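Inspection log for the structure reproduced underneath, given as structure tokens.
Treat the numbers as computed from the prediction; the structure is a model and nothing was measured.
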Amino acid sequence: MLLAKSCHTKDNVKSRGTVRLGSLHEYRNTEIQQIQDRKEGTLEFNLKFDGVVAVNKRELALLLQGLGIIDDSIELPNYYPGAFSVYVENWDDIGRTDESILLRDCSLVVSRQVHNSFIFCMSKVRMMKDARGLFPEYDDCWYVKYTDIDYLGCALGNALLKKVRESLKTDTPLISKDAKPDELEVQVIAQMVKYCPREVHIRSGEGLKFDSFMRAMETMAFIKPESFAHECEFRFQFFIEDKENRYHPLVNSVILDVDPTDIKAL
């Protein structure tokens, strides 16, 4: 198996020695139709409770990010930073215990959007010829063996860290000037994109499925609708952080200097 990067011939890493990282924000706002995804990194929960349902207060409060209608006294860690909104269509709270809240015929729409981050996208293919035509706009490809994913992720992460540190010495930093270059590191997450609806519908007979929600929120940047499934995307996500903060890109994309041999490019 291979990972293929579709590109223009002039941008092939084997001849140019550079790799371009995009960002979640870029894919949300690009005008290029074949890659545009307005809801990139977004997940929406449609919670519908039919009849009378007992729900764990702490779990529901975490899902709703401590919304006061649950219980102001519940202390919650901010596990899932990012944009958050909730629309309450109907709320009927008919009773509470220390652990549970009793709801009747309630309906809420919860929307979460993961913070912006740099990403790098490739396609998983069996043979080189399988990458041809995946993105008609591009006329070339380069590849890495699927078994060399770690080399690629490590090389891109190191190149990004170097670029970020250098940018902090200029008037055009890639992240907040508050960051201290020597304390920064780059965390790389790499996995296949899952193609499924971004909307999750739950009715009372099914239970809250709290664990499923939490897992979905942890991987919001790796969920795309089935209309993109032909891309067979394998995605790298890059987090720039120190011991106390995670820093988000101030630009939509960045060009990294990369030696093709470091990533074992084919």
Side-chain angles (χ1 to χ4, degrees), residues 3-8 10-13 16 18-44 80-84 111-124 131 134-142 152-153 155-157 159-164 166-168 170-177 179 184 186-195 198 217 219-241 246-258 263:
L3 292 184
K5 181 60 180 179
S6 299
C7 61
H8 296 293
K10 64 181 179 64
D11 297 326
N12 193 310
V13 68
R16 186 168 183 143
T18 61
V19 168
R20 179 183 182 276
L21 304 186
S23 65
L24 294 174
H25 187 271
E26 179 183 27
Y27 285 103
R28 291 173 193 150
N29 296 284
T30 182
E31 297 302 320
I32 302 174
Q33 291 298 315
Q34 67 175 348
I35 62 173
Q36 181 191 82
D37 185 358
R38 295 296 189 196
K39 292 188 176 182
E40 187 75 71
T42 301
L43 200 61
E44 189 172 89
Y80 307 103
F84 164 78
S111 180
R112 287 184 171 276
Q113 186 178 83
V114 69
H115 274 317
N116 191 28
S117 61
F118 286 120
I119 59 174
F120 184 67
C121 309
M122 302 183 77
S123 297
K124 185 179 180 182
L134 282 177
F135 298 92
E137 179 182 336
Y138 300 119
D139 59 359
D140 202 0
C141 278
W142 56 269
L152 177 57
L156 293 180
L160 175 60
L161 182 58
K162 180 181 179 182
K163 193 81 169 183
V164 169
E166 291 173 347
S167 77
L168 289 171
T170 72
D171 294 329
T172 55
L174 296 178
I175 62 173
S176 170
K177 276 280 194 180
L184 293 174
V186 172
Q187 178 189 3
V188 184
I189 298 176
Q191 65 184 63
M192 288 295 299
V193 164
K194 182 179 180 180
Y195 298 99
R198 289 195 177 105
M217 285 195 286
T219 59
M220 283 193 294
F222 295 88
I223 294 176
K224 293 181 73 69
E226 293 179 349
S227 58
F228 290 88
H230 66 282
E231 297 176 359
C232 302
E233 182 181 338
F234 188 96
R235 174 172 292 188
F236 297 82
Q237 184 179 22
F238 302 88
F239 293 116
I240 306 162
E241 55 194 15
R246 177 169 287 177
Y247 299 94
H248 310 296
L250 300 179
V251 296
N252 281 337
S253 62
V254 61
I255 304 295
L256 305 179
D257 295 320
V258 177
I263 60 175

Checklist entry - Ion pair present between Glu26 and Arg20, side-chain N to carboxylate O less than 4.0 angstrom? => result yes

Item to check | Within 45° cone of Phe135 ring axis and under 6.0 Å: Lys5 NZ or CZ | outcome: no

Item to check | Reported OH-to-OG distance for the pair Tyr195 and Ser227, which is rounded to 0.5 angstrom | outcome: 9.5 Å

Item to check | Under 3.5 Å donor-acceptor, Lys224 side chain and Val193 backbone | outcome: no

Checklist entry - What orientation do His115 and His248 show, parallel under 30°, tilted 30 to 60°, or perpendicular over 60°? => result tilted

Item to check | Heavy-atom check, side chain of Ile189 versus side chain of Gln187, under 4.5 Å | outcome: yes

Checklist entry - Closest heavy-atom contact between Leu256 and Ala159? => result CD2-O, 3.9 Å

Checklist entry - Backbone N or O of Asn252 within a donor-acceptor pair of the Ser23 side chain at under 3.5 Å? => result yes

Checklist entry - By ring-ring contact (aromatic ring centres under 6.0 Å, His included), which residues pair with Phe236, not counting sequence neighbours? => result Phe234

Checklist entry - Given side chains that start at C-beta, do those of Ile240 and Phe238 come closer than 4.5 Å, heavy atoms only? => result no

Checklist entry - Any side-chain heavy atom of Val188 within less than 4.5 Å of one from Leu156? => result no

Item to check | Leu184 CG to Ile175 CD1 distance, which is reported to the nearest 0.5 Å | outcome: 5.0 Å

Checklist entry - So do Gln191 and Phe222 actually touch side chain to side chain, heavy atoms under 4.5 Å? => result yes

Item to check | Test item: Met192 and Glu233 side chains (from C-beta on) under 4.5 Å apart, heavy atoms | outcome: no

Checklist entry - Are the side chain of Lys177 and the backbone of Leu168 linked by a donor-acceptor contact shorter than 3.5 Å? => result yes

Checklist entry - Would you call Thr18 and Val13 a side-chain contact if the rule is heavy atoms closer than 4.5 Å? => result no

Item to check | For Glu241 against Tyr247, the heavy-atom pair lying closest together | outcome: CA-CD1, 4.2 Å

Next on the checklist: Rounded at 0.5 Å granularity, tell me how far CG in Leu3 sits from SG in Cys141.
Outcome noted: 11.5 Å

Next on the checklist: Rounded to the nearest 0.5 Å, what separates atom CG in Asp11 from atom CD1 in Ile255?
Outcome noted: 7.5 Å

Checklist entry - Could you give the distance from CE (Met122) to SG (Cys7), rounded to the nearest 0.5 Å? => result 9.5 Å

Next on the checklist: Are Asp139 and His8 packed together at the side-chain level, in the sense that at least one heavy-atom pair is separated by less than 4.5 angstrom?
Outcome noted: yes

Next on the checklist: Working to the nearest 0.5 angstrom, can you tell me the gap between Ser167 OG and Leu250 CG?
Outcome noted: 8.5 Å

Checklist entry - Hey, are Ser117 and Gln237 close enough side-chain-wise for a donor-acceptor pair under 3.5 Å? => result yes

